[in-house]
Protein chains: 2
Amino acid sequence: MAKILVVDDEPDAVELVEFNLKNAGFEVITAADGSEALKKARSTLPDLILLDLMIPEVDGLEVCKLLRRDAATAGIPILMLTAKAAEIDRVLGLELGADDYVTKPFSPRELMLRIKGLLRRRETTETKAERMQFGDLVLDVPAHSVTVNNKRVELTATEFKLLTILAHRRGRVQSRDQLLKDVWEYDNVIDTRTVDTHMRRLREKLGKAAKHLDTVRGVGYRFVAG
Amino acid sequence: MAKILVVDDEPDAVELVEFNLKNAGFEVITAADGSEALKKARSTLPDLILLDLMIPEVDGLEVCKLLRRDAATAGIPILMLTAKAAEIDRVLGLELGADDYVTKPFSPRELMLRIKGLLRRRETTETKAERMQFGDLVLDVPAHSVTVNNKRVELTATEFKLLTILAHRRGRVQSRDQLLKDVWEYDNVIDTRTVDTHMRRLREKLGKAAKHLDTVRGVGYRFVAG
DNA sequence: CAAGCCGGTGACGACTTTGTGACGAACAGG
DNA sequence: CCTGTTCGTCACAAAGTCGTCACCGGCTTG
């Protein structure tokens, strides 16, 4: 699971954020000032850095700049936390290199969305199939469309994601937990039976093409190409 | 950068071409025979296909024909590679829908010129289209004018930009964030709901032609040509 | 064969997302 | 200045989606 470095000098703020992140299954590392942040970033190489703008020792912007200058940490996405909306321009300036920002006060939901967005952007480097075809079932990811026998099938966002992930891992059984992790992204508060309900809805909508969706009793679900 | 599918069964030839293409900044996908080529073309939707005429499984001409027949791959430029081609082969290749050809042995320089030529042609005809027509909706970019049923529709600058960007990426869903980035140009301070309001105004002004504007719930908006 | 697990199913209320009308600020052109 | 337009935001309503639950029937296990 992803490692996140949280840099903030206010213990209350850190605690709140840490609670939310750990709840979502992230590993959390904390730093209270700029020099500690730099040291920990270099030693632990986190997957993402949550960086408050106003911190002691070395200020957030400076930390950002220094991290970008070091080859080892240059690629780590940085999510800036700023108290003032007015600071945004500087944060997003090209020379500083923050990837996104959130203004305080923020809702945990908003924060999670931003984090997920940044982590997702990072992992899409491999040659991912953008279009998949299995007999009369066609999956077009960029168009967000599914057709069975050339007839359009309307899927909701969640259904579509579930289907594409299964199709992408076709042949291999995916446990409900795995699917929850991949489709629902770190929201580990969700019941595993929810997966079943979505599979049912998928099967219903896919009609004949539901034959691609196998149930593996006691284990999970599997997409079969043939 | 553009994605190029290289189809050839001789590893040496592939390596040479791959080296040159990667050197020029292209992303390279390879296939060693016809059926692999078809599969990869359909799944990765490359920007250009470099297709050797003499390949195992399904021969180059056949691949060409099949790719043209499939709506998803019909628009991808195909550059044919032929070893000492007889005139007939060339003609056939072009008739079957190849966009250009190069005879082996070729210089890397020559190959690059052809590839760039094809990509540019596509960019100017498709990507940077100055005039787009979808049924009774006509978009004239340089004139900054939109007509529905030959009747002029007055759009504001923002509305026009939103519409052209959507039309330009027709078929693909654009998230609100993406649209904000492209239409409002990385002005992250703007609320995503603003996109909704502009879509509403667009739909209102476009009248019947608003049918081209799809809402994809939970994801974003999509322009549909049909 | 009985008990218990497991997955399919239908229903439902809470919640999210989108459409819509309205409003005030910013701005351009007289 | 004044006036009309455009734009971003807001609040509300409508529509759609989601996660959960209870129930049932089939399958596994002992």
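Residue numbering restarts at 1 for every chain, and letters A, B, ... go by the order of the sequence lines.
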Enquirer: Using the rule side-chain contact (heavy atoms from CB on, under 4.5 Å), only one of B:Leu202, B:Leu162, B:Asp214, B:Asp196 pairs with B:Tyr221; which is it?
Expert: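 Exactly one option meets the side-chain contact (heavy atoms from CB on, under 4.5 Å) with B:Tyr221, and it is B:Asp196.
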
Enquirer: Could you tell me whether the side chain of B:Thr73 and the main chain of B:Leu67 form a donor-acceptor pair under 3.5 Å?
Expert: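 Side chain of B:Thr73 to backbone of B:Leu67, a donor-acceptor pair under 3.5 Å: yes, one is there.
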
Enquirer: Counting only heavy atoms and a strict 4.0 angstrom limit, can you tell me which residues of residues 195-205 of chain A come near DNA chain D?
Expert: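 The stretch gives A:Thr197, A:His198, A:Arg201 as the residues lying under 4.0 Å from the strand, ordered by number.
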
Enquirer: Could you check B:Gln174, B:Lys161, B:Arg169, B:His168 and say which one makes a side chain to side chain donor-acceptor pair (under 3.5 Å) with B:Asp182?
Expert: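 The single option meeting the side chain to side chain donor-acceptor pair (under 3.5 Å) with B:Asp182 is B:Arg169.
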
Enquirer: Would you grab the first and last nucleotide of DNA chain C (5' to 3') that comes under 4.0 Å of any non-hydrogen atom in chain B?
Expert: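 In short, chain B contacts DNA chain C from C:dT16 to C:dA22.
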
Enquirer: Among residues 156-166 of chain B, which residues get a heavy atom nearer than 4.0 Å to DNA chain D?
Expert: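 Hits under 4.0 Å, by residue number: B:Thr156, B:Ala157, B:Thr158.
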
Enquirer: Step through the shown structure and confirm whether more than 12 heavy atoms of other residues, nucleotides or ligands are within 6.0 Å of CD on B:Gln133.
Expert: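 More than 12 heavy atoms, drawn from other residues, nucleotides or ligands, come within 6.0 Å of this atom.
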
Enquirer: For A:Leu79 and A:Ile115, run side chain to side chain contact (heavy atoms under 4.5 Å, CB included): C-alpha distance rounded to whole Å, both residues' side-chain angles, the deciding distance at 0.1 Å, then the answer.
Expert: CA-CA 7 Å; A:Leu79 181 54; A:Ile115 288 176; 3.7 Å; yes

Enquirer: Could you state the CG-P distance from A:Leu179 to D:dG19, rounded to the nearest angstrom?
Expert: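 It works out to 13 Å between those atoms.
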
Enquirer: Is it true that A:Arg131 and B:Asp70 have a side-chain N and a carboxylate O under 4.0 angstrom from each other?
Expert: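 A salt bridge is present here (some side-chain N lies under 4.0 Å from a carboxylate O).
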
Enquirer: Under a 4.0 Å N-O cut-off, is there an ion pair linking B:Glu36 with B:Lys39?
Expert: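 Salt bridge: no.
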
Enquirer: Could you tell me whether a side-chain N or O of A:His212 sits under 3.5 Å from a main-chain N or O of A:Ala225, the two making a donor and an acceptor?
Expert: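 Side chain of A:His212 to backbone of A:Ala225, a donor-acceptor pair under 3.5 Å: yes, one is there.
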
Enquirer: Dump every N/O contact between nucleotides 25-30 of chain D and the protein below 3.5 Å, one line per pair.
Expert:
from, atom 1, to, atom 2, distance (Å)
D:dG26, N2, A:Arg217, NH2, 2.9

Enquirer: Measuring from atom CZ of A:Arg114 to atom CG of A:Leu81, what distance do you get when rounded to the nearest 0.5 angstrom?
Expert: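 Reported to 0.5 Å precision, the distance equals 11.0 Å.
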
Enquirer: Just by distance, do the side chain of A:Asp47 and the backbone of A:Lys3 share a donor-acceptor pair under 3.5 Å?
Expert: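 Yes, because the side chain of A:Asp47 sits within donor-acceptor range (under 3.5 Å) of the backbone of A:Lys3.
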
Enquirer: Any side-chain N or O of A:Trp184 under 4.0 Å from OP1/OP2 of D:dG19?
Expert: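 True: A:Trp184 side-chain N/O within range (under 4.0 Å) of D:dG19 OP1/OP2.
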
Enquirer: Does some side-chain heavy atom of A:Asn149 sit less than 4.5 Å from a side-chain heavy atom of A:Lys208?
Expert: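 Result yes, sub-4.5 Å side-chain heavy-atom pair found.
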
Enquirer: Using the test salt bridge (Lys or Arg N to Asp or Glu O under 4.0 Å), find all partners of B:Arg152 that sit at least two apart in sequence or belong to another chain.
Expert: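 Salt bridge (Lys or Arg N to Asp or Glu O under 4.0 Å) list for B:Arg152, sorted by chain: B:Glu154.
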
Enquirer: How far apart are the C-alpha atoms of A:Glu159 and A:Lys205, what are their side-chain angles, what is the distance that settles it, and do they pass the salt bridge (charged side-chain N to carboxylate O under 4.0 Å, His left out) test?
Expert: CA-CA 10 Å; A:Glu159 287 159 3; A:Lys205 291 190 180 177; 2.9 Å; yes

Enquirer: To the nearest Å, give me how far apart CD (A:Glu154) and P (D:dA15) are.
Expert: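 About 18 Å, once rounded to whole Å.
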
Enquirer: Quick check against the 3.5 Å criterion: does B:Lys40 have a side-chain atom that pairs as donor or acceptor with the backbone of B:Thr30?
Expert: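 Judged by distance alone, yes, a pair lies under 3.5 Å.
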
Enquirer: So how far off straight is the helix from C:dC1-D:dG30 to C:dG30-D:dC1, going by the axes through five pairs at either end, to 10°?
Expert: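 One end axis against the other gives 40°.
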
Enquirer: Run the numbers on A:Lys181 and A:Glu185 for salt bridge (charged side-chain N to carboxylate O under 4.0 Å, His left out), then give the verdict.
Expert: CA-CA 5 Å; A:Lys181 209 182 278 179; A:Glu185 298 185 26; over 6 Å; no

